[in-house]
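Working notes, structure below.
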Amino acid sequence: MSNKAGIPQGTRDFNAVTVQKRNYIFNTIRSVFELYGFQPLETPAMENLDTLMGKYGEEGDKLIFKILNNGLDNPAKQAQVTADFQKVLEGKNTKGITERALRYDLTIPFARYVAMNYGQLTLPYKRYQIQPVWRADRPQKGRYREFYQCDADVVGSQSLLNELELTSIYATAFEKLNLPVEIRINNRKILAGLAELCGGLQVMVPITVAIDKLDKIGLEKVKEELAAREISTEQIAIIEKYLSIDGSNAERIDQLKKLMQENATALKGIEELEYILENHPNKNRAEVIVDFTLARGLNYYTGTIFEIKAIGAQMGSIGGGGRYDDLTGLFGVPNVPGVGISFGVDRIYDVLEELQLFPEAVQKGTKVLFFNLGAAESKKAFELMQDLRDRGIACELYHEAAKFDKQFKYAEKKQVPHVIIIGNTELTEGTCILKNIISGGQKTISQTELASQLF
RNA sequence: GAGGGCGUAGCUCAGUUGGUUAGAGCGUCAGUUUGUGGCACUGAAGGCCGGGGGUUCGAGACCCCUCGCUCUCCCCA
């Protein structure tokens, strides 16, 4: 096996059928975004490394794909490059070696864009963005190094109406995709309140990291992890109570209120949560479930957080998002609140495939194949084919004069439903044979009749 | 970052305790069949058995290294 062809780990080629199925997902989500008044935005595949570093936590920084600078082999710069590379070996980033990176998500580039164009934007600015992102992760099931995100964010508005809209977008889009999901929501203020009860905001991150793992590692392991992070026995007891909250949404909120007592931060979070539960408009389309153990990794969230779980499929979350108070502050424009959601298209694809929920009509291709039975015949066929194309019907003429056998097999493999045969006889008579590949039936019609034929 | 599994024809995979010329199905091409496909039959092409080293009279198989793919954990969509 010489020169084996290959593509980078964690990336994929998409064949015709796959692209069509993916477009079905993209188009569905895009149409819902636009229905809710969101406008498209596209940003470059690469960003300045500075823009991305430090935004996704320590783990995230390691997963950013960095782009090597050009011209490192320039002999004149050799001493500097050698010194810079030494820094890289020590684990430091340096502009001498790399100053650009592939985007890691769509939210930070969006924040960068808002900061750069703040004066020109009509606020609140509602944008959607559908583009690939790259992560230097170890690929595995449902995890790729190149994958698409579909984000919708609103910046410049504190209003909880935005949360209602985004909840509704989730419900509507997944209903259109015919995919049953549960929308889990929580509020970072509740988690902050819990942290306040357990020693202060500085323990919020370790607490959220630990409780986020509850359904994976179980209560005992979570408690062990908390203890390892110097959280006292009484405080762990509070967290245990917090985690044991159960029942319907109303029951859960009730229990939480008792636990949180007079904590103002938590009460604010609960109030926001209740508002969304009471007012979101598409209750019949998807279930919204309060999940106090939901934390989400990204540390810029400050209010409502969302996560989407497909019902009946073995898959991690297929979407998520939340509210952030000050995303653009990192780029010099403070006090711009926002809230956003994201759809994980690649995972949605895998789930739709697993549950066989793609509609038949997604696959579309050539409708009519003209047989090629010689020079004069194919010339006429070409003419007639162009008329059909002008009517918007997808057609092909077989690429060379070949035996029937081959032309039929071509039509079958490409699942072309109709073939038109123009041979010697038909050419002189001004007719053509119209054959349905699926039924096998055929009829001879005049070439002029073809213009009114439906396919 | 940690740990499993797998690399044999274009694809999916067999290949016995190590044994002589490495197989099947699908696909491709040709023919049965120069104007009617799917089916069937016949035939052909197609392999440094991922790469390198070692053990052995002998390695696709055993050992070491290496590269690639895949899955799990961490983390995430």
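Computed from a prediction, not measured in an experiment: that's the story for all the values here. Within every chain, numbering begins at 1; the chains are lettered A, B, ... in the order of the sequence lines, protein sequences first and strands thereafter. Values below: all heavy atoms of this structure, side chains included; hydrogens, waters and symmetry mates excluded.
- Side-chain nitrogen and oxygen atoms of A:Q407 include none within less than 4.0 Å of the OP1 or OP2 phosphate oxygen of B:G37.
- For the C1' atoms, the distance from B:C49 to B:G7 is 10 Å, rounded to whole Å.
- Remark: P of B:U36 and CD1 of A:I420 are 19 Å apart, rounded to the nearest angstrom.
- Only the P atoms considered, B:A9 is 14 Å distant from B:A24, to the nearest whole Å.
- Under a 3.5 Å cut-off, the side chain of A:D137 and the backbone N or O of A:L63 do not form any donor-acceptor pair.
- Across all strands shown, A:I348 has no heavy atoms under 4.0 Å from either base or sugar-phosphate atoms.
- Judged by distance alone, with hydrogens and angles left aside, the side-chain atoms of A:Y170 form no donor-acceptor pair with the main-chain N or O of A:E307 at under 3.5 Å.
- Contacts of A:L373 with the nucleic acid, taken as non-hydrogen atoms under 4.0 Å apart, are absent.
- Taking every side-chain heavy atom of A:R347 into account, B:C76 is the closest of B:G35, B:C76, B:U36.
- A straight line from CZ of A:R143 to P of B:A77 spans 10 Å, rounded to a whole angstrom.
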So what does the secondary structure string of RNA chain B come out as, 5' to 3', with Watson-Crick or wobble pairs under 3.5 angstrom, [ ] for crossing and | for pairs with another strand?
(((((((..((((.....[...)))).(((((.......))))).....(((((..]....))))))))))))....
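- Nearest nucleotide to the side chain of A:K141, out of B:A77, B:C71, B:U36: B:C71.
- As judged by a 4.0 angstrom heavy-atom cut-off over every strand, A:Y144 is placed among the base-contacting residues.
- Judged by distance alone, the side chain of A:R103 and the main-chain N or O of A:Q131 form no donor-acceptor pair under 3.5 Å.
- Look at CZ on A:R184: it is 15 Å from C1' on B:A77, rounded to the nearest Å.
- Between A:Y398 and A:Y410, the ring planes are perpendicular. Angles over 60° get that label, and only those under 30° would be called parallel.
- Between the side chain of A:E426 and the base of B:G35 there is at least one donor-acceptor pair of N/O atoms closer than 3.5 Å.
- With hydrogens and angles left out, the side chain of A:R138 and the base of B:C73 share no donor-acceptor pair within 3.5 Å.
- Salt-bridge annotation for A:D350 and A:K141: absent, with no side-chain N of the basic residue lying under 4.0 Å from a carboxylate O of the acidic one.
- Here A:E383 pairs with A:K380 in a salt bridge; the nearest charged N to carboxylate O distance falls below 4.0 Å.
- Relative to the side chain of A:N424, the nucleotides B:G35, B:A77, B:G37 differ in distance, and B:G35 lies closest.
- If you measure from atom CG of A:D137 to atom P of B:G1, you get 11 Å, rounded to the nearest angstrom.
- For B:C63 and B:C26, the P atoms lie 35 Å apart once the distance is rounded to whole Å.
- Between A:E377 and A:Q149, the one whose closest nucleotide on RNA chain B sits nearer the 5' end is A:E377.
- Look at CG on A:D13: it is 14 Å from P on B:C11, rounded to the nearest Å.
- With centroids closer than 5.5 Å and planes inclined by less than 30 degrees as the test, A:F147 and the base of B:A77 pass as a stacked pair.
- Rounded to the nearest Å, the gap between the C1' atom of B:A22 and that of B:C13 is 14 Å.
- Taking only distance into account, the side chain of A:K435 meets the base of B:U36 through a donor-acceptor pair shorter than 3.5 Å.
- As a whole-Å value, the separation of A:Y301 OH from B:A77 C1' is 11 Å.
- Taking atom NZ of residue A:K406 and atom P of nucleotide B:G37, one finds them 16 Å apart after rounding to whole Å.
- Side-chain proximity of A:E59 to the nucleotides B:U36, B:G37, B:C75 is greatest for B:C75.
- Residue A:Q140 has no polar side-chain atom (N or O) positioned under 4.0 Å from OP1 or OP2 of B:C71.
- Atom NZ of A:K409 is separated from atom C1' of B:C39 by 10 Å (rounded to the nearest Å).
- Of the candidate nucleotides B:A77, B:U33, B:G35, B:U33 has the atom lying nearest to any side-chain atom of A:K403.
- Counting heavy atoms from C-beta on, the side chains of A:F404 and A:I421 come closer than 4.5 Å.
- Taking the six-membered ring where tryptophan is involved, the planes of A:Y128 and A:F33 are tilted, since the angle between them lies from 30° to 60°.
- Here the separation of B:G51 from B:A59, taken at their C1' atoms, is 16 Å to the nearest Å.
- Looking at A:F110 and A:Y125, their side chains come closer than 4.5 Å, going by heavy atoms from C-beta outward.
- Comparing the same atom, C1', in B:G3 and in B:C75 gives a spacing of 16 Å after rounding to whole Å.
- B:C62 and B:C6 have their P atoms separated by 10 Å, given to the nearest Å.
- Nucleic acid contact for A:G319: sugar-phosphate only, since backbone atoms but no base atoms lie under 4.0 Å from a heavy atom of the residue.
- Between the side chain of A:D346 and the main chain of A:Y148, a donor-acceptor pair closer than 3.5 Å is present.
- Using a 4.0 Å heavy-atom distance criterion, A:G320 is classed as making no nucleic acid contact.
- Between B:G50 and B:C39, the distance separating the two C1' atoms is 39 Å to the nearest Å.
- Within the 4.0 angstrom heavy-atom criterion, base atoms lie near A:T425.
- For the pair A:G10 and A:G344, nearest-nucleotide mapping onto RNA chain B gives the more 5' position to A:G10.
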